[in-house]
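Here the structure comes first, spelled out in structure tokens, and everything after it is commentary.
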Number of protein chains: 2
Amino acid sequence: MYHQSSPMIRAGARSSADAAILGGPATLASIFAGQVIERLDAGEALFWQGDAARDLFEVVTGALRTVRVLSDGRRVITGFLFAGDVVGVSLKDRYLATVEAIAPTEARRLRRHHFEDLIERRPSLRPQLIEHLCDEMTAAQEQVVLLARKSAEERVASFLLSLVHRRYGQPHPGYRLFLPMTRLDVADYLGLTIETVSRIMTRLVSRDIIANQGRFIVIKRPAALAEIAMDDDDGDLAEAFAS
Amino acid sequence: MYHQSSPMIRAGARSSADAAILGGPATLASIFAGQVIERLDAGEALFWQGDAARDLFEVVTGALRTVRVLSDGRRVITGFLFAGDVVGVSLKDRYLATVEAIAPTEARRLRRHHFEDLIERRPSLRPQLIEHLCDEMTAAQEQVVLLARKSAEERVASFLLSLVHRRYGQPHPGYRLFLPMTRLDVADYLGLTIETVSRIMTRLVSRDIIANQGRFIVIKRPAALAEIAMDDDDGDLAEAFAS
DNA sequence: CGCTCTCTTGAGCCACGTCAAAGGGTGTGG
DNA sequence: CCACACCCTTTGACGTGGCTCAAGAGAGCG
């Protein structure tokens, strides 16, 4: 809107996506199949909050953060994106947040009107679209619960577990989790400060629940982490058995 | 799921909604036109978190809260619902939160499969559905920003303003805002305690920004409230003019 | 080897939570 | 019509979890 647009070159061509789709399996991700891959360095933005929402993207490799900034500079990260994720589906006319690469990233761009055409022509995509939006909604709700009522330690534990689940499923003890984002990113995601995140992490290390290997975290005792995180699925079960 | 279902009687009949729709204006709200009105007293639940998501509802009169509870009893309110609002559109197979009446409430029930049929048969409803989901997403994002980075005073100011905007638009000085929910509800919505909410309110009163008239709040100086709230729309504008 | 950027660690402080008690308001029963 | 009970709200005194400020310690990189 008031910012210059993303530093990437070559708008996604109209391409052979149609053909690919009209014969293919027609999953949400597959509709990006024919699109040109665009590259971003760490720190570059895919788009800015307030920009006209002209495109959707599929992340091919790398990692990104979705950022919102208050007028006085306070920063909030509302989510992280990894390979396979699709961005920009919140089909307002303007993007709700800035999306920046955390690490070198590759993404495919799809024009929004093109996307909408496809949704129109391929009814089987619709439930997937709805489901995608509902998944985003679920994640947002979970984040609201975390921010409204969880302690710093619970937030960090929840964060680590949610990353593990997203990238792996149920972790076995010793699972090695890659954290491409900085402590500042984590802090801005969890509504904490760098220092607090750091202190909590070292506390978890000293309790032998995780280990710190540079940009990797080893999940030594997933069960302990889940207990700290107050995963409310477990909670509901506990409630159910109690009554 | 593990709870007994809502205390309401009479499931929404299959009714004349079809007829009404296939000839009518086909807005999301209008598809509830033919449905029987069901009544709830304050405190009764429309449905419970985890219940099979069989129905959608349109609020006719009254007010409700959407509640999530952690295993140890900590409570989070993720939103409030008023006349005209539609609930249950997050079409997962289970409800994401419990929805309870704050005050005596009337609502119309629509079977989910019926709703999905309508969406299928009336393409003009689809963009409205998408837009509805995106509006919910926007609200959730705003709440995440509020909870992650705003102070108690900013939260209360933001809350009052958002209610005013929702029910009235831009307020004139002296606008009288009805607050059907208790301080506890407000606190659980803003991630604060009753006491903090109460203290902030009396501070705003003593600064002559609002006045307290029982269950009503008079917005005496909307501009002052907006300044406190750090409405980030304003923020972006400021940024834009600065650079 | 020095520069920069990120992360850790410590000391002190403050916004908000906790605990406690005292108002109102409203409904109910005597 | 009063008395009592109950609930919600306000207010005060005090405690504390996480923030602020400050100083190192790694770790990549030219």
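Letters go in sequence order (proteins before strands), and every chain restarts at 1. Predicted model, so just to flag it, every value in this text is computed and none were measured.
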Here the distance between atom P of dC7(D) and atom CG of Asp185(B), to the nearest Å, is 15 Å
Check step by step if salt bridge (Lys or Arg N to Asp or Glu O under 4.0 Å) holds for Asp188(B) and Arg74(B).
-> CA-CA 9 Å; Asp188(B) 286 343; Arg74(B) 280 175 287 182; over 6 Å; no
Numerically ordered, the residues 204-214 of chain B set in heavy-atom contact under 4.0 Å with DNA chain C is none
Upstream residue (5' side of DNA chain C) when Thr182(A) and Arg149(A) are each assigned their closest nucleotide = Thr182(A)
Report the C-alpha distance between Glu153(A) and Arg199(A) in whole Å, list the side-chain angles of each, state the deciding distance to 0.1 Å, and finish with yes or no for salt bridge (Lys or Arg N to Asp or Glu O under 4.0 Å).
-> CA-CA 9 Å; Glu153(A) 197 175 57; Arg199(A) 275 187 259 266; over 6 Å; no
Interatomic distance where CD belongs to Glu153(A) and P belongs to dG17(D) [whole Å] = 11 Å
Applying salt bridge (Lys or Arg N to Asp or Glu O under 4.0 Å), run through Glu227(A) and Arg221(A) and close with a yes or a no.
-> CA-CA 10 Å; Glu227(A) 197 171 337; Arg221(A) 293 166 49 208; over 6 Å; no
Determine the sole option in Ile210(B), Leu204(B), Asp208(B), Val205(B) for which the side-chain contact (heavy atoms from CB on, under 4.5 Å) test with Lys220(B) is passed.
-> Asp208(B)
Taking Thr66(B) as the fixed residue, which of Thr78(B), Leu96(B), Leu46(B) is the one that meets the side-chain contact (heavy atoms from CB on, under 4.5 Å) rule?
-> Thr78(B)
Give each stem of DNA chain D as a range with a range, requiring at least 3 consecutive Watson-Crick or G-U wobble pairs whose two distances are under 3.5 Å.
-> C:1-30 with D:1-30
State, yes or no, whether a side-chain contact exists between Leu40(B) and Leu64(B) at a heavy-atom distance under 4.5 Å.
-> yes
Kindly assign one of parallel, tilted or perpendicular to the pair Tyr189(B) and Phe80(B), based on the angle between their ring planes and the thresholds 30° and 60°.
-> tilted
Decide whether a cation-pi geometry holds between Arg109(B) and Phe57(B); the criteria are a distance under 6.0 Å from NZ or CZ to the six-membered ring centre and an angle within 45° of the ring axis.
-> no
Carboxylate-amine/guanidinium contact Lys150(B) Glu142(B), below 4.0 Å | no
Hey, mind stepping through Asp85(A) and Arg166(A) against salt bridge (Lys or Arg N to Asp or Glu O under 4.0 Å) and telling me if it holds?
-> CA-CA 11 Å; Asp85(A) 292 338; Arg166(A) 192 156 153 195; 2.8 Å; yes
Roughly how far, to the nearest 0.5 Å, is the OG atom of Ser162(B) from the CG atom of Leu146(B)?
-> 8.5 Å
Listed in order of residue number, which residues of residues 188-196 of chain A have a non-hydrogen atom at under 4.0 Å from DNA chain C?
-> Ile194(A), Glu195(A)
Across the strands shown, which category fits Ser198(B) at heavy-atom distances under 4.0 angstrom: base, sugar-phosphate, nothing?
-> base
Any luck finding a side-chain donor-acceptor pair between Thr61(A) and Glu106(A) under 3.5 Å?
-> yes
Heavy-atom pair of closest approach, residues Ser71(B) and Met230(A) = OG-SD, 3.8 Å
Value in whole Å for how far the C1' atom of dC8(D) lies from CZ of Arg215(B) = 8 Å
Ion pair check, Lys92(B) and Asp135(A), cut-off under 4.0 Å | yes
Is there a donor on the side chain of Arg199(B) or the base of dG12(D) sitting less than 3.5 Å from an acceptor on the other?
-> yes
Would you find a donor on one side and an acceptor on the other, under 3.5 Å apart, between the side chain of Glu136(A) and the backbone of Leu133(A)?
-> no
Interatomic distance where NZ belongs to Lys150(A) and P belongs to dG17(D) [whole Å] = 19 Å
Measure the distance from CE on Met201(A) to P on dG18(D) and round it to the nearest whole Å.
-> 16 Å
Show me the protein contacts with nucleotides 23-25 of chain D, counting only N or O atoms at under 3.5 Å.
none

Distance-only donor-acceptor hits, side chain of residues 177-186 of chain B, under 3.5 Å, sequence neighbours excluded:
unit_1	atom_1	unit_2	atom_2	d
Thr182(B)	OG1	Leu184(B)	N	3.3
Thr182(B)	OG1	Asp185(B)	N	3.2
Asp185(B)	OD1	Arg65(B)	NH1	3.2
Asp185(B)	OD1	Arg75(B)	NH2	2.7
Asp185(B)	OD2	Arg65(B)	NH1	3.0
Asp185(B)	OD2	Thr182(B)	N	3.4

Under a criterion of less than 4.0 angstrom to any heavy atom of chain A, what are the 5'-terminal and 3'-terminal contacting nucleotides of DNA chain C?
-> dC7(C) to dA11(C)
